[in-house]
Each structure stands twice: as structure tokens, then as C-alpha cells.
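Below: the structure, in C-alpha cells.
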There are 2 protein chains.
Amino acid sequence: MPTTTTPSADRPGARVLDHPDVTAIRLEDVLHALADPMRLRIVRCLAAAQGELSCAGIELPVSKSTCTHHYRVLREHGVISQIYRGTAKMNVLRRADLDALFPGLLERVLEAAELQDGRLDD
Amino acid sequence: MPTTTTPSADRPGARVLDHPDVTAIRLEDVLHALADPMRLRIVRCLAAAQGELSCAGIELPVSKSTCTHHYRVLREHGVISQIYRGTAKMNVLRRADLDALFPGLLERVLEAAELQDGRLDD
DNA sequence: GTCAAATTACGACGTTCCTCGTACAATGAA
DNA sequence: TTCATTGTACGAGGAACGTCGTAATTTGAC
């Protein structure tokens with residue numbers, strides 16, 4: 001019988017992933033997670049999607065193993081949560097948790113990213 | 001005759017440091033700069049100081065060379081500006097520049113750091 | 001001119017990071 | 001069962017990072 005954790009898997013027997021408890025999320029880690037271009041891109045997509053997105057659902061100019069790596073960093077640092085759904089792995093932003101810990105921070109980062117985009121490609 | 005740059009040095013002949021132009025400051029770099037505990041500490045001190053502070057004015061549990069390193073990262077990534085004043089080197093947050101590029105971001109980070117502090121040492 | 005204070009330059013060391021390719025595992029559909 | 005899809009594990013390479021100590025530099029004061 002499988003161990004179940006927080007982001008309750010769809011169906012019993014499903015593979016389950018470790019997520020840091022809300023109280024274990026640290027600001028430095030979140031900033032570090034967001035500081036990478038690929039990861040920031042993922043976070044922006046998830047924010048725009050207003051829901052869950054599979055890993056394959058976000059196009060990135062890096063190999064699959066590298067994608068896996070970045071998603072894991074985001075999860076382990078408390079920025080996203082992931083659950084398996086069939087052969088896919090779905091990703092969601094931990095907006096509520098992040099907002100509770102660092103009010104407004106994520107929103108500002110997303111906004112800043114938008115602004116920078118507009119600024120850079122004129 | 002000396003080359004002068006943006007943060008005009010106190011007196012002619014003073015050593016001058018390179019600072020990125022406002023338009024060259026990138027979000028990922030700023031986040032990366034803030035993601036290090038020592039650097040976040042420096043930034044918080046500067047924010048609290050409401051003005052300039054010498055490098056020696058901020059106590060850090062690392063060697064002097066490491067301090068130099070961190071201040072340089074902050075400057076090169078556009079977070080602070082530095083000028084020499086006598087034998088000291090003064091540091092100031094580039095609040096206006098950062099706010100113009102990424103409205104509210106710095107404030108939220110500082111606030112988040114405060115909140116986390118309160119939360120961690122109960 | 002000498003001296004102390006503040007900071008840097010340089011080189012080094014070990015760690016973490018981002019990236020990849022290949023081989024493997026889990027799932028659902030035919 | 002077989003197969004295609006999706007993602008992982010593992011190992012590796014190279015770059016960047018955080019840290020240090022020592023020697024050198026700049027400056028202001030004596």
C-alpha cells in the first residue's frame with residue numbers, strides 16, 4: 001500500500017511526490033528558484049494558465065531531463081506542487097501558500113517579468 | 001584626468017566604479033542577487049539605514065574578501081550603487097531605479113524577509 | 001614621510017548549478 | 001501484450017558560486 005501525502009494523488013496507488021510543508025518554505029529558496037530564466041518561464045506559464053499544466057504542456061528550449069530538473073527545483077523549494085495524473089505530471093503554482101508567507105511577492109515578480117518583457121522587445 | 005561615471009564621485013580624481021545602466025538591469029539578476037542570505041542581509045540593512053552605509057558598517061559573519069565579493073555582485077546586478085568616500089566605500093540601494101523597473105518588488109521582498117524573521121524566531 | 005584603516009586583487013578550494021544523453025519506469029490505449 | 005507517451009534516474013561535463021587567506025592599494029591623519 002502506498003504512502004499518501006499532502007497533494008492527494010488522484011487514485012490510490014499513484015506515485016507520490018514530496019512537497020515542503022508551508023512552514024518550511026524559505027524566502028531565499030523561492031528567490032533562487034525564480035532567478036533562473038527557465039524556471040521563471042515555467043512559473044509565468046502556470047500563473048497565466050490559472051490552473052494545472054503538464055510538464056510537456058510548457059515548451060522550453062532545453063532537454064527533457066533539464067526540464068525535469070527545473071520542475072523539481074520549483075517543487076522542492078515550495079513554488080509549485082506536482083501530482084501524477086496518468087502518464088502525465090501536473091503542475092500548479094502554490095499561490096495561496098506563497099501569498100500567506102510572502103504577501104504580494106509572487107504577483108510583483110510576475111508583473112515585473114511582464115514589464116521587462118515589454119521593455120526588452122520594445 | 002579621470003573618467004567619471006553615473007554616481008559622480010565625491011571629489012575629482014576619486015576611484016570610480018562601473019554601474020549598470022538602468023535599462024541594463026535584469027529581473028533574473030536582481031532575484032539572483034537577493035537570493036543569497038548575506039546579500040539579502042546587506043540589502044535589508046541598507047533599506048533600514050535610509051541612506052548610505054560603508055561596507056564596514058554592516059557586520060557579516062564572513063571574511064572581508066567575501067564581503068567585497070557580495071557588494072560587487074549587488075552593484076554589478078544593479079541593486080546598489082557604490083562610491084568611494086575617503087578610504088571608505090559607501091553603499092546605497094538603487095531604490096528609485098528598481099522601483100521604476102519592477103514596481104513594488106523590492107518592498108515586497110523586504111517585507112517578506114521581515115515576516116519570515118518574525119516567523120522563524122517566534 | 002609614515003602609519004593605520006578600509007577595501008581590493010589574486011589565486012585557490014570545494015560545492016552547487018545547468019546542461020546533456022542514455023537507459024529505464026509507469027501509465028493508458030490499441 | 002504491445003506500443004507510444006510521459007517523465008525519471010543516473011552519470012558526466014563545464015561553468016558559476018561562496019568562501020578564504022595573503023599581499024597589495026588607496027586614502028587621510030599624524
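Each chain gets a letter, A, B and so on, in the order the sequences are listed, and its residues count up from 1.
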(message) Tell me whether R72(A) is salt-bridged to D18(A), with the criterion being a basic N under 4.0 Å from an acidic carboxylate O.
(response)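 Not counted as a salt bridge, because no side-chain N and carboxylate O are separated by less than 4.0 Å.
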(message) Strictly below 4.0 Å, N to O, side chains only: are R108(B) and E107(A) in salt-bridge contact?
(response)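 Looking at E107(A) together with R108(B), the answer is no, because their closest N to O distance does not fall below 4.0 Å.
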Applying a strict under-4.5 Å side-chain criterion to I, L, V, M, F, W and Y, I'd like to know whether [X] and [Y] cluster together.
X       : Y       : result
L101(B) : L31(A)  : yes
I58(A)  : L110(A) : yes
V109(A) : V73(A)  : no

(request) Give the nucleotide from the list dC18(C), dT19(D), dT19(C) with an atom nearest to the side chain of R39(A). (result)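 Within the option list, the nearest is dC18(C).
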(request) When you get a sec, tell me which of dG7(D), dC20(C), dT7(C) is the closest nucleotide to the side chain of A88(B)? (result)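 Per side-chain heavy atoms of A88(B), the pick is dT7(C).
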(message) For dT19(C) and H70(A) - does any side-chain N or O of the residue sit under 4.0 Å from the phosphate oxygens OP1/OP2?
(response)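 The answer is yes; a side-chain N or O of H70(A) sits under 4.0 Å from OP1 or OP2.
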(message) Please tell me if R72(B) has a side-chain N or O lying less than 4.0 Å from either OP1 or OP2 of dA9(C).
(response)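 Checking dA9(C) against R72(B), a side-chain N or O does come within under 4.0 Å of OP1 or OP2.
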Do the side chain of [X] and the main chain of [Y] share a donor and acceptor less than 3.5 angstrom apart?
X       : Y      : value
R119(B) : T23(A) : yes
H19(A)  : L17(A) : yes
E28(A)  : P37(B) : no

Nearest-Å distance for atom pair [atom1]/[atom2], residues [X] and [N]:
X      : N       : atom1 : atom2 : result
Y71(B) : dT7(C)  : OH    : P     : 8 Å
K64(B) : dA23(D) : NZ    : P     : 16 Å
M38(B) : dC20(D) : CE    : C1'   : 14 Å
H69(B) : dC20(D) : NE2   : C1'   : 12 Å
D36(A) : dC17(C) : CG    : C1'   : 9 Å
R85(B) : dT27(D) : CZ    : C1'   : 14 Å
R41(B) : dT19(D) : CZ    : P     : 11 Å
E28(A) : dT16(C) : CD    : C1'   : 16 Å

Can you tabulate the close N/O pairs, meaning under 3.5 Å, that link protein atoms to atoms of nucleotides 21-26 of chain C?
{"residue": "dG21(C)", "atom": "N7", "partner": "S65(A)", "partner atom": "OG", "Å": "3.0"}
{"residue": "dG21(C)", "atom": "O6", "partner": "S65(A)", "partner atom": "OG", "Å": "3.0"}
{"residue": "dA26(C)", "atom": "O3'", "partner": "R15(A)", "partner atom": "NE", "Å": "3.3"}

(message) Are Y84(A) and M90(A) packed together at the side-chain level, in the sense that at least one heavy-atom pair is separated by less than 4.5 angstrom?
(response)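 SC-SC contact between Y84(A) and M90(A) ruled out.
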Restricting both atoms to N or O, compile the protein contacts to nucleotides 2-4 of chain C shorter than 3.5 Å, with distance only.
none

